[in-house]
J.: 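Would you mind keeping the following structure in view while I ask a few things?
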Amino acid sequence: MTGSAAPAGRASGIRRGLTSYGDEGFSLFLRKAFIKGAGYSDDALDKPVIGIVNTGSGFNPCHGNMPALLDAVKRGVLMAGGLPIDFPTISLHESFSQPTSMFLRNLMSMDTEEMIRAQPMDAVVLIGGCDKTVPAQLMGAASAGVPAITLVTGSMLTGGHRGQRVGACTDCRAFWGKFRSGEIDRQEIDDVNSRLVGSVGTCSVMGTASTMACLTEAMGIALPGSASPPAVTADRVRIAERTGTEAVALAERGTEMSTVLTRQAFENGLRVLLAIGGSTNAIIHLTAVAGRLGIRLDLEDLDRMSAETPVLVDLKPTGTYYMEDFHRAGGVPAVLRELGDLIHRDAPTVTGRTLGEELDAAGPGFPSDIVRPLTDPVYPEGSLAVLRGNLAPGGAIIKQAAVSTHLLEHTGRAVVFEDAADLAARIDDDALDVTAEDVLVLRNIGPVGAPGMPEAGYLPIPRKLAEQGVKDMVRISDGRMSGTAAGAVVLHVTPESAVGGPLRLVRTGDTITLSVSRRVIHLDVSPEELIRREDELGPPSPPAAARGYRKLYVSEVTQADEGCDFRFLQSTELPDRDAPRDVVHPRSLIQEPG
Ligand code: FES
């Protein structure tokens with residue numbers, strides 16, 4: 001392929017988006033002069049340009065295979081007659097992002113959007129992997145409006161510890177829990193630290209990174225079969241090469257992301273999220289990406305789908321296996337095949353073919369313990385449930401497939417922690433008045449409150465209870481939890497306490513009812529008493545910031561039910577975008593459960 005990749009009348013390749021000097025001819029002359037300094041010929045500069053987002057970083061081992069992927073994508077682009085040019089953006093790793101990667105996701109999305117828009121490219125390959133990178137790239141590219149295709153870095157390999165197979169990061173949490181409870185000693189926890197991560201790549205379980213990888217494939221914005229190959233395999237490199245080739249075809253067709261990521265595509269994404277036992281974080285991310293395209297995702301839709309979509313994939317943290325097993329079991333096409341009519345087969349994909357056509361081309365399935373048939377699921381409903389009630393008028397999420405059965409219906413006494421610092425100071429205090437039947441409540445870790453909605457919603461079991469063998473308790477917060485974690489953990493309580501949500505009214509000693517079957521989270525305190533407490537507390541005073549990105553963040557971030565995107569980044573087509581959603585009046589929120 002040579003020459004123009006843009007629709008007639010629009011500049012293409014290196015001629016796109018010229019720098020403003022007031023003289024277009026001079027702008028192009030100057031641009032070509034500079035890039036020729038890097039050795040490019042006029043012939044090369046006449047090709048369609050495929051931008052490649054390079055998120056390699058010494059601080060991001062989840063993207064440690066970036067050089068190999070870049071080589072392969074470029075090879076694919078060149079094979080198809082395009083000119084590949086990679087460029088850097090922000091890269092986020094979960095463990096190297098202070099205060100939390102979620103705080104920085106929107107910044108990465110802005111960087112991605114503006115760099116795609118600012119630089120001349122006919123299509124862009126988004127290489128991401130670690131939890132927040134893929135959502136940030138989808139959000140940014142959706143707003144930039146340039147044809148885009150996602151390539152994930154792929155999962156890490158598992159390791160071995162004293163005869164046991166281990167992988168990040170479900171096993172990280174399990175071993176740390178054993179260390180806290182005294183089951184294993186300092187020597188063993190130090191030993192396993194070197195065994196949990198077997199290679200570069202993203203977490204080896206169905207955490208947020210693996211979930212987002214599967215969803216990009218299910219939504220048709222990444223190639224069929226691209227979600228599951230581990231980072232260091234030949235399959236991963238071949239997928240990268242083919243992604244480069246497809247990017248050139250995508251540029252030729254000029255297919256923008258909005259053509260692929262339709263409401264049907266998001267419904268396919270939600271369906272697969274439920275069937276794979278995916279991360280709760282993905283709901284926030286999908287909502288944010290959809291919001292960039294003018295599509296409002298509704299928690300009620302998710303809950304309706306959950307009732308009819310069983311969990312089919314037996315991966316940690318809800319199940320047994322790891323991502324490399326999922327790949328051998330057929331990956332996402334195997335799941336889509338099993339879901340049958342629950343999937344919109346006519347949804348378009350980035351290849352120009354429909355999801356159904358791609359599935360047919362992928363060939364027949366085969367029996368597996370890892371991707372189970374609809375008739376023999378891992379869990380009879382979807383992995384996630386949406387809770388409502390006077391504690392969460394805007395909704396809350398629970399990963400029901402990961403809850404200890406005896407806690408699915410539970411009433412207990414609240415033990416309240418004011419914020420993350422209070423939790424850290426008291427959770428392991430022997431004097432803490434707490435039993436296994438109590439409900440741990442942590443507030444002020446929401447989008448505004450922390451800020452950045454940290455993954456602190458997975459409260460540790462108080463040490464004295466852990467030492468007695470307690471493995472799970474009901475825990476409630478306005479924060480998030482890692483996709484690699486599991487337990488009776490109620491998350492994303494909306495509105496958050498820092499902006500006046502009813503979570504701020506809970507007191508130690510109150511009674512709280514969780515009923516997953518009835519989808520209820522309820523504070524058993526009279527409306528009159530809640531109003532009295534509200535009057536006593538006065539209006540909420542969310543944390544302020546004096547300057548910089550933090551100031552922008554706390555003033556613009558939306559609540560979890562809007563994807564925690566910045567209001568001004570959402571599509572102007574988004575229904576009710578300008579409605580005053582963050583104004584919270586407790587009297588309107590305090591209601592009896594339905
Ligand atoms: Fe990067 Fe888990 S830390 S995917």
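Atoms within a ligand are numbered from 1 in the order they appear, just like the ligands themselves.
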J.: Can you see whether Phe417 has Arg443 sitting over its ring - NZ or CZ less than 6.0 Å from the centre and within 45° of the normal?
T.: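 No.
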J.: Can you name the atoms of ligand 1, numbered from 1 with element, that are less than 4.0 Å from a heavy atom of Cys62?
T.: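 Listed by number with element, the hits are 1 (Fe), 3 (S), 4 (S).
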J.: For ligand 1, note which part of Ala209 has a heavy atom under 4.0 Å away: side chain, backbone, both or neither.
T.: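 Just the side chain.
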J.: Using a strict cut-off of 4.0 Å, indicate which atoms of ligand 1 neighbour a heavy atom of Glu94.
T.: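 Per the distance check, 3 (S).
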J.: Look at the aromatic rings of Phe566 and Tyr553 and report parallel, tilted or perpendicular, splitting at 30° and 60°.
T.: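 Geometry flag for Tyr553 against Phe566: perpendicular rings.
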J.: Under 4.0 Å from a heavy atom of Thr202: which atoms of ligand 1 are those, numbered in the order shown and with their elements?
T.: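 Listed by number with element: 4 (S).
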J.: Could you identify the single nearest non-hydrogen protein atom to atom 2 (Fe) of ligand 1 and state the distance to 0.1 Å?
T.: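 The protein heavy atom lying closest is Cys203 SG, 2.2 Å.
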J.: Tell me whether the guanidinium CZ or amine NZ of Arg550 lies under 6.0 angstrom from the six-membered ring centre of Phe103 and within 45° of its axis.
T.: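 So Arg550 does make the cation-pi contact.
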J.: Between Glu455 and Lys132, is there a salt bridge with N-O shorter than 4.0 Å?
T.: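 Answer for the salt bridge query: yes.
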J.: Under 4.0 Å between a side-chain nitrogen and a carboxylate oxygen: does that hold for Arg165 and Asp171?
T.: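 Not counted as a salt bridge, because no side-chain N and carboxylate O are separated by less than 4.0 Å.
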J.: Using a strict 4.0 Å cut-off to heavy atoms of Asp131, name the atoms of ligand 1 that fall inside it.
T.: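 That gives atoms 2 (Fe), 4 (S) of ligand 1.
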